[in-house]
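Each remark here refers to the structure printed beneath this line.
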Amino acid sequence: MEMPAPNAAVLSRKQQIVKRLLTVLSADAVISDIAETRAYECDALTAYRCPPLCAVLPSTTQDVSEVLKICHEMGVPVVPRGSGTSLAGGALPTADCVILGAARMNAVIETNYDDRYVRVQTGRTNLSVTGAVEENDFFYAPDPSSQLACAIAGNIAMNSGGAHCLKYGVTTNNLLGVTMVMMDGTVVDIGGAHLDASGLDILGVICGSEGQLGVVTEATLRILRKPEGARPVLMGYDSSEVAGQVVTDIIKAGILPVAIEFMDRPCIEATEAFAKAGYPMCEALLIVEVEGSEQEIDDQLALIMAIASKHNPVELRQAGDADEAARIWLGRKSAFGAMGQINDYMCLDGTIPVSSLPHVLKRIAEMSEEFGLDVGNVFHAGDGNMHPLILFDANKPGDLELCEEFGAEILKLCVEVGGCLTGEHGVGIEKRDLMHVQYDPADLEAQMAVKDVLDPRWLLNAAKVFPLDASEPRRAA
């Protein structure tokens, strides 16, 4: 869906802002040609598109500060952008905004193995953080499915997780400190290399704030020693409800796997056709991985397989070596690409109590019948972070709108059972107007008051996160 094209007034404004930006950045760091700005017209929520006024690619914190000073002075909205992998429209531009891309800020600034941290510029990709320390047997734990491409900047903005967050937590649990530039160009350092900062937990407010409060240019991240070993087990079941109950029983037993991943039949069929990982053709599949010493792995898997066996699995397969482990994970890691091969889809992101998995999976199946749209479920079952993939035809009039309506009902269901609207994708524009479902007016007012203090002119990532009816008066002031 194309957003409105810029009018003559916006084009005149564009010339003014570009001229100012070129006084602080080199010509190759300011992208203003209409054809070239098309590369920034959307993020991974590709249903909505709008070329920005222009895009800038700073290389340092000081560059970012100078850009924001100019935009603040001229009243120009700024949309921070990591790698553009947001599935919630978190980096969607408006026609009057400047996209501030982090791609050129990708350096490793400091590595400290004694104190177990690495300091990086936030344009660095998630996977390359581990790449910078793995020769010394360390790794960075958060591992979103897009980790090959997604940037630390976006991970911090959306508080991203990943398959192994059950044991290691999400970004906020692995973020020690940030350097952030405020909208007026002021540079602040929050947290640091130590475990916990004194005073108010400002770092906790920033992580997950979706670029609403400032632009994070540098991050101090916790790194961990690689475990001695890891081993997954694959379980197949005749129903999603039974698989959901298995997850509940594993968690109730007090076992802490490093990951519990779920896939249903539509995803299994798509990934088998795409990756040929050797998955059983069943209604639901679980991948449970544990790590530690060989003895620890054996002990944990014995308990897990005993629980799995009580529920009459179609298949129960433990990896015997590294190759078998890689094949078990192959399909799961290929799932999103495989589903994209067969249809357009919208990937949702809601979180529920683990005990509600059987009920929620059953209701999603019922709603799929009601809306007449197929759904593939693939998600981080261990922490209840669901990613239903609603299949639709982007070329069929009304199908996108029907898909969005269906998605809204799933997210409302997540809230209804005691969960929340998002686990790691963020709110962006996708869930913006559903915030009323989870928060009452007083809750939203408290959140918006924080933005009032840190971005009083509401120029950062405008029209995101907060419902328009609640935020419009602030943005228009």
Side-chain angles (χ1 to χ4, degrees), residues 1 3 40-50 52 79-94 97 99 101-102 126 142 144-147 149-162 165 170-172 206-213 216 336 339-340 344-352 378-380 385-390 392 394 400-401 403-415 419-439 444 447 451 460-468 470-471:
M1 184 181 296
M3 304 295 280
Y40 300 91
E41 68 181 0
C42 69
D43 53 22
L45 185 67
T46 56
Y48 298 92
R49 301 168 184 269
C50 176
V79 174
R81 179 185 175 101
S83 297
T85 59
S86 170
L87 289 161
L92 180 72
T94 52
C97 85
I99 287 282
N126 175 287
S145 295
S146 58
Q147 68 177 153
C150 66
I152 293 299
N155 290 179
I156 294 171
M158 302 304 184
N159 192 21
S160 302
C165 67
V170 292
T171 299
T172 193
I206 292 166
C207 188
S209 62
E210 303 196 27
Q212 293 280 312
L213 308 179
V216 178
F336 291 100
M339 292 295 287
D344 302 305
Y345 69 78
M346 182 170 288
C347 177
L348 300 182
D349 166 52
T351 300
I352 63 172
V378 52
F379 55 88
H380 315 310
N385 187 188
M386 304 190 71
H387 296 309
L389 308 179
I390 304 176
F392 71 101
L400 172 61
E401 291 74 15
C403 176
E404 291 179 322
E405 183 183 348
F406 183 10
E409 291 304 311
I410 292 176
L411 293 172
K412 289 175 184 177
L413 173 64
C414 290
V415 175
C420 59
L421 293 172
T422 179
E424 58 179 340
H425 292 179
V427 175
I429 63 164
E430 179 204 14
K431 310 180 187 93
R432 178 186 62 196
D433 295 316
L434 287 172
M435 289 284 275
H436 284 305
V437 174
Q438 184 165 350
Y439 300 106
L444 287 171
Q447 293 178 50
K451 184 167 176 64
L460 280 168
N461 221 7
K464 310 279 176 61
V465 180
F466 301 108
L468 295 183
S471 63

From [atom1] ([X]) to [atom2] ([Y]), nearest 0.5 Å:
X      : Y      : atom1 : atom2 : value
Glu210 : Leu460 : CD    : CG    : 13.0 Å
Met435 : Asp433 : CE    : CG    : 10.5 Å
Ile156 : Ile206 : CD1   : CD1   : 9.0 Å
Glu41  : Ile99  : CD    : CD1   : 11.0 Å
Leu92  : Thr46  : CG    : OG1   : 11.0 Å
Glu405 : Ile410 : CD    : CD1   : 11.5 Å

Shortest non-hydrogen contact between [X] and [Y], atoms and distance:
X      : Y      : value
Leu45  : Ala88  : CD2-C, 3.8 Å
Gly154 : Ser160 : O-OG, 4.1 Å
Ala153 : Gly82  : CB-CA, 4.3 Å
Cys50  : Pro93  : O-CG, 3.1 Å
Gly90  : Asp43  : N-OD2, 3.1 Å
Arg432 : Ala463 : NH1-O, 2.8 Å

Can you tell me if [X] uses its side chain to pair, donor with acceptor, with the backbone of [Y] under 3.5 Å?
X      : Y      : answer
Asn155 : Cys150 : no
Tyr40  : Gly84  : no
Lys464 : Val79  : no
Thr172 : Cys207 : no
Asn159 : Val170 : no
Asn461 : Gly211 : no

Quiz prompt | Under the side chain to side chain donor-acceptor pair (under 3.5 Å) test, residues paired with Thr422 that sit two or more places apart | solution = Asp349
Any side-chain heavy atom of [X] within less than 4.5 Å of one from [Y]?
X      : Y      : result
Leu421 : Val427 : no
Leu348 : Met386 : no
Phe392 : Asp344 : yes
Thr171 : Met158 : no

Quiz item: According to the interplanar angle, ranging from 0 to 90°, do the rings of His387 and His425 count as parallel (below 30°), tilted (30 to 60°) or perpendicular (above 60°)?
Solution: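 His387 vs His425 ring planes: parallel.
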Self-check item: Audit row: Glu424, His380, side chain to side chain donor-acceptor pair (under 3.5 Å) steps and yes/no
Solution: CA-CA 11 Å; Glu424 58 179 340; His380 315 310; 3.0 Å; yes
